[in-house]
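The structure appears below as structure tokens.
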Amino acid sequence: MDAGGGSARTVFCLLLAVACLGLAACGETGPDGASDEDRQAIEAVLTDYLPKLGAAYAKGDFDSLASGAVPKEIETVRRRVYELEMAESRTLRPTLKSFEIERIDVWRYSNAAVTTLEVWDIQSLASGTEQLLATATDRYRVRYQFKRRDEGWMVIDRRIEYQFES
């Protein structure tokens, strides 16, 4: 083998190493392990989904949730709204004031656990009336499970972990 071939191979290896470093930089992750791309996509889903969740509670508009949640999660919301109306004889009108993503953990490319801090203004009304029973501004720590599907990230579960004192 001649000396020129060896140096060409060395240059090729260096270029390959630089390219790999460049690719690694493109897929950088935040302190919680989520890539910037995943973080932005999940934040976009929540930005769209959370006001629709409020509308589902207030107006029974469950169909709009399909853009951000799987059918099983939509059915969970539907059951909770029904329980409030039937068992507790009240309707909630929640309005999202703000949310902040506290942490995102992505594993096996297609799964994510997301923790948010959410602030909601909530009106509680007697079911079937406009009689206001209570109003409050509530702060919650909420845990989501997301699944990456062909159409993007989808909510598969939402659980309130903690309600802060108002």
Side-chain angles (χ1 to χ4, degrees), residues 12-85 91-124 135-166:
F12 175 76
C13 288
L14 286 172
L15 288 173
L16 185 60
V18 169
C20 287
L21 286 173
L23 287 174
C26 290
E28 278 193 35
T29 60
D32 51 16
S35 70
D36 287 340
E37 182 180 328
D38 285 338
R39 179 175 283 284
Q40 290 170 2
I42 288 169
E43 185 171 357
V45 170
L46 288 170
T47 298
D48 180 65
Y49 180 73
L50 290 173
K52 291 176 181 177
L53 181 62
Y57 274 85
K59 301 174 189 161
D61 181 12
F62 302 103
D63 293 338
S64 67
L65 297 176
S67 65
V70 299
K72 181 181 174 203
E73 178 59 16
I74 296 168
E75 189 54 38
T76 299
V77 173
R78 186 185 313 270
R79 272 194 317 275
R80 178 64 181 135
V81 170
Y82 179 79
E83 287 169 3
L84 284 167
E85 289 179 357
T91 300
L92 295 183
R93 284 191 188 154
T95 303
L96 180 69
K97 299 307 285 177
S98 66
F99 80 93
E100 172 187 338
I101 294 176
E102 195 173 48
R103 184 171 180 84
I104 299 175
D105 293 304
V106 177
W107 69 98
R108 292 189 188 135
Y109 176 75
S110 62
N111 300 287
V114 179
T115 305
T116 63
L117 298 174
E118 299 176 11
V119 179
W120 292 85
D121 281 344
I122 301 175
Q123 293 182 328
S124 180
T135 61
T137 298
D138 291 337
R139 293 179 51 231
Y140 302 98
R141 175 170 285 122
V142 183
R143 178 85 166 175
Y144 292 86
Q145 286 290 132
F146 277 81
K147 187 78 169 171
R148 189 188 315 258
R149 302 281 171 95
D150 290 341
E151 60 273 21
W153 287 105
M154 302 290 283
V155 175
I156 62 171
D157 187 59
R158 178 182 187 270
R159 307 237 181 227
I160 294 174
E161 282 192 338
Y162 186 77
Q163 181 175 354
F164 298 93
E165 285 192 34
S166 298

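Since the structure is predicted, the reported quantities are computational estimates derived from the model, not experimental observations.
The CG atom of D61 lies 6.5 Å from the CG atom of D63; values are rounded to the nearest 0.5 Å. Considering CG of D48 and CG of L53, their distance stands at 11.5 Å, rounded to 0.5 Å. With rounding to the nearest 0.5 angstrom, the CG atom of D38 is 12.5 Å from the CD atom of E43. The OG1 atom of T116 sits 6.5 Å away from the CG atom of L46 when rounded to the nearest 0.5 Å. Separation of atoms CG (L50) and OG1 (T95) is listed at 12.5 Å; rounding is to 0.5 Å. The distance from the CZ atom of R143 to the CG atom of D157 is 10.0 Å, given to the nearest 0.5 Å.
Panel note: side chain R158, backbone V142; no donor-acceptor pair is recorded below 3.5 Å.
Salt bridge present: R80 and E83 bring a charged side-chain N and a carboxylate O closer than 4.0 Å.
Between T115 and R141 there is a side-chain heavy-atom pair separated by less than 4.5 Å. Side-chain contact check for L84 versus Y57: some heavy-atom pair is nearer than 4.5 Å.
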Worked check of salt bridge (Lys or Arg N to Asp or Glu O under 4.0 Å) between E73 and K147 = CA-CA 12 Å; E73 178 59 16; K147 187 78 169 171; over 6 Å; no

request  = Evaluate the side chain to side chain contact (heavy atoms under 4.5 Å, CB included) criterion for residues D121 and T135: first the C-alpha distance (whole Å), next the side-chain angles of each, then the deciding distance (0.1 Å), finally the verdict.
outcome  = CA-CA 7 Å; D121 281 344; T135 61; over 6 Å; no

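No more than 12 heavy-atom neighbours from other residues, nucleotides or ligands sit within 6.0 angstrom of OH on Y109. No more than 12 heavy-atom neighbours from other residues, nucleotides or ligands sit within 6.0 angstrom of CZ on R159.
The aromatic rings of F146 and Y144 are tilted relative to each other, their planes meeting at an angle between 30° and 60°.
Closest approach of W153 and A41 over heavy atoms only: CD1-CB, 3.8 Å. Nearest approach of V106 to A34, heavy atoms of both residues: CG2-CB, 4.1 Å. Closest heavy-atom contact between P94 and A58: CD-N, 4.3 Å. Shown here for A69 and Y49, the closest heavy-atom pair between the two residues is CB-CE1, 3.6 Å. A56 and V81 make their closest contact through O-CG2, 4.1 Å (heavy atoms, listed as atom of the first residue, atom of the second, distance). Nearest heavy-atom pair, F62 versus I74, reported as atom, atom and distance to 0.1 Å: O-CG2, 3.9 Å.
S67 and K52 share a donor-acceptor pair across their side chains, judged by distance under 3.5 Å alone.
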